[in-house]
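Atoms within a ligand are numbered from 1 in the order they appear, just like the ligands themselves.
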Amino acid sequence: MDTKIYFDNAATTPVRPEVLDTILPYFREYYGNASSIYGIAKESKRALENARGQVASAIGAKPEEIYFTAGGSESDNMALRGVAEAYAKKGSHIITTKIEHHAILHTAEYLEKHGVKVTYLPVDEFGKISLEELENAICPETVLISVMFANNEIGTIEPVAEIGRIARKHGVLFHTDAVQAVGHVPINVEEMNIDLLSMSGHKLGAPKGIGAIYIRKGVNIEPLIFGGAQEKRKRAGTENIAGIVGLGRAAELAVAEMEETTKKLTYLRDKLIRGILENIPYSRLNGHPSDRLPGNCNISFSYIEGESLLLLLDSLGVAASSGSACTSGSLDPSHVLMAIGLPHETAHGSLRMTLDRENTEEEVDFILEKLPAIVQRLRDMSPLYEEAVKNDKE
Ligand SMILES: *Cc1c(COP(=O)(O)O)cnc(C)c1O
């Protein structure tokens, strides 16, 4: 079935038409290598620095603090490995959380194999870390705190400014994976005491395979990739000018439109959440009720498999995502849903719908109309459901 309703914007977003228009000339006309000195290359260099300025101002940073990478995963790897190596003499302890993206978690596991101690902070039922537990975890060996800005599955926004204050007070660097947050919620690295920040183009209307890392002036990191002198020797490789120009434009647009988009998405999100919880029994909202990404709706339905739900939705032309097993290639449900304390069965029956500026109220209404019957159809096949209903009646 062709996708008619795209509710998986946390997985990736389409390239915005305005962004595509901006980047096409950098494939066709201005294809020069930004490191060369002739005319055509000057435009590449100019566009590179212009985009750096756009990305910097989207997060309240200085242009010279922005380094372009090939995406969020690379930026996350670079932050953790880069800081762990550069500050190895100071100490070898990192604090992160149990609900990070795998780009953080698997890098942390790699570092553990190389002698770095890692604390994985738990989260409460809404997906938030405890500031007290964070502060207690800091020791003289601690070189980095890495806590995501907003979670990609349940949408919970972490208390970033408070984390920044604690990190600063203890002289520990603070990195945040802000891939889901940049262009979606207000960010100011100065006010929030953020020292390193990861972002990715394809989560905000720019192409896949382009990202950036903000590194505060004065913070040292070892590069991940060696080669030429690009990006002040912190990230070698001929710059992806078209991607970079796209990221700059997308960040600029997203920030300019943020207030309006947030208002619209919050309305759609809350209508979707309320409509589901009111009309489908044995359902619960995952993530924080208010401190959550404007476009994120994540709901667990007891007694069904998220995968089956996705297939039925796909047959109606709806693209969404689930926290259950099969797609991730493992039998365990999402580590995020486990961390907020969901029982296995409930975690398996979860549905993530993530909306963005293109989505409409008609689409939300369509889901609200169709979903109850789909869920019921799946539950009718479940012996557990039959039993639960019987017990509830008694
Ligand atoms: C998508 C995502 C990433 C990975 O970014 P890529 O550009 O796909 O490598 C990292 N962290 C979070 C929170 C994400 O949502």
Side-chain angles (χ1 to χ4, degrees), residues 6-15 19 55 59 66-82 96-110 120 123 127-129 146-158 160 163 175-185 187 194 196-214 224-225 235 237 240 242-244 246-248 250-251 254 286-288 291-298 319-323 327-328 334-337 339-340 352-356:
Y6 185 70
F7 273 4
D8 204 15
N9 286 283
T12 195
T13 59
V15 174
V19 170
V55 169
I59 59 168
I66 302 296
Y67 302 83
F68 291 107
T69 66
S73 299
E74 185 187 329
S75 298
D76 283 346
N77 275 255
M78 193 169 166
L80 263 62
R81 288 183 66 174
T96 185
T97 80
K98 291 186 173 172
I99 62 162
E100 299 296 312
H101 189 275
H102 284 129
I104 293 289
L105 289 179
H106 291 164
T107 306
E109 283 164 24
Y110 166 85
Y120 299 90
V123 292
K128 283 211 189 195
I129 66 157
S146 180
V147 177
M148 70 200 317
F149 205 111
N151 185 269
N152 46 304
E153 291 189 36
I154 57 175
T156 300
I157 297 171
E158 298 297 332
V160 173
I163 298 168
H175 166 256
T176 186
D177 174 344
V179 171
Q180 292 289 338
V182 173
H184 299 277
V185 292
I187 299 179
I194 297 167
L196 303 104
L197 175 148
S198 304
M199 70 175 87
S200 173
H202 75 104
K203 306 283 173 77
L204 69 148
K208 297 163 186 57
I210 182 67
I213 182 168
Y214 149 81
L224 208 55
I225 294 174
R235 205 286 187 173
N240 171 4
I244 288 169
L247 175 55
N286 296 317
H288 198 278
D291 293 339
R292 72 185 299 132
L293 289 169
N296 177 291
C297 166
N298 187 317
S321 166
S322 150
T327 40
S328 61
S334 132
H335 63 286
V336 176
L337 298 177
I340 60 171
R352 180 187 75 177
M353 292 182 279
T354 42
L355 283 60
D356 211 337

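Neither side chain, Thr156 nor Asn151, offers a donor N or O lying under 3.5 Å from an acceptor on the other.
Using a 4.5 Å heavy-atom threshold, the side chains of Val147 and Val160 count as separate. Counting heavy atoms from C-beta outward, His175 and Asp76 have side chains that approach closer than 4.5 Å.
Heavy atoms only, all atoms of each residue included: Met353 and Ala320 are closest at CG-CB, 4.0 Å. Across Glu100 and Met148, no two heavy atoms sit closer than the pair OE2-N, 3.0 Å. Shown here for Asn296 and Asn152, the closest heavy-atom pair between the two residues is ND2-O, 4.2 Å.
Ser198 contributes no side-chain N or O that, together with a main-chain N or O of Asp177, makes up a donor-acceptor pair within less than 3.5 Å.
Among all non-hydrogen protein atoms, the one lying nearest atom 3 (C) of ligand 1 is His101 NE2, 3.4 Å. Distance from atom 7 (O) of ligand 1 to its nearest protein heavy atom, with residue and atom name: Ser200 OG, 2.6 Å. The nearest heavy-atom contact from the protein to atom 11 (N) of ligand 1 is Asp177 OD2, 2.7 Å.
Each of the atoms 7 (O) of ligand 1 lies under 4.0 Å from some heavy atom of Gly71. Those atoms of ligand 1 with a heavy atom of Gly72 less than 4.0 angstrom away are 5 (O), 6 (P), 7 (O), 9 (O). For ligand 1, the atoms sitting less than 4.0 Å from at least one non-hydrogen atom of Lys203 are 1 (C), 2 (C), 3 (C), 14 (C), 15 (O), numbered in the order shown with element in parentheses. Every atom of ligand 1 is numbered from 1 in the order shown, and the set under 4.0 Å from a heavy atom of Asp76 is 10 (C), 11 (N). Ligand-side atoms of ligand 1 in range of Ser73: 4 (C), 5 (O), 6 (P), 9 (O), range being under 4.0 angstrom from any heavy atom. With ligand atoms numbered from 1 in the order given, ligand 1 contributes 6 (P), 7 (O), 8 (O) to contacts under 4.0 Å with heavy atoms of His202.
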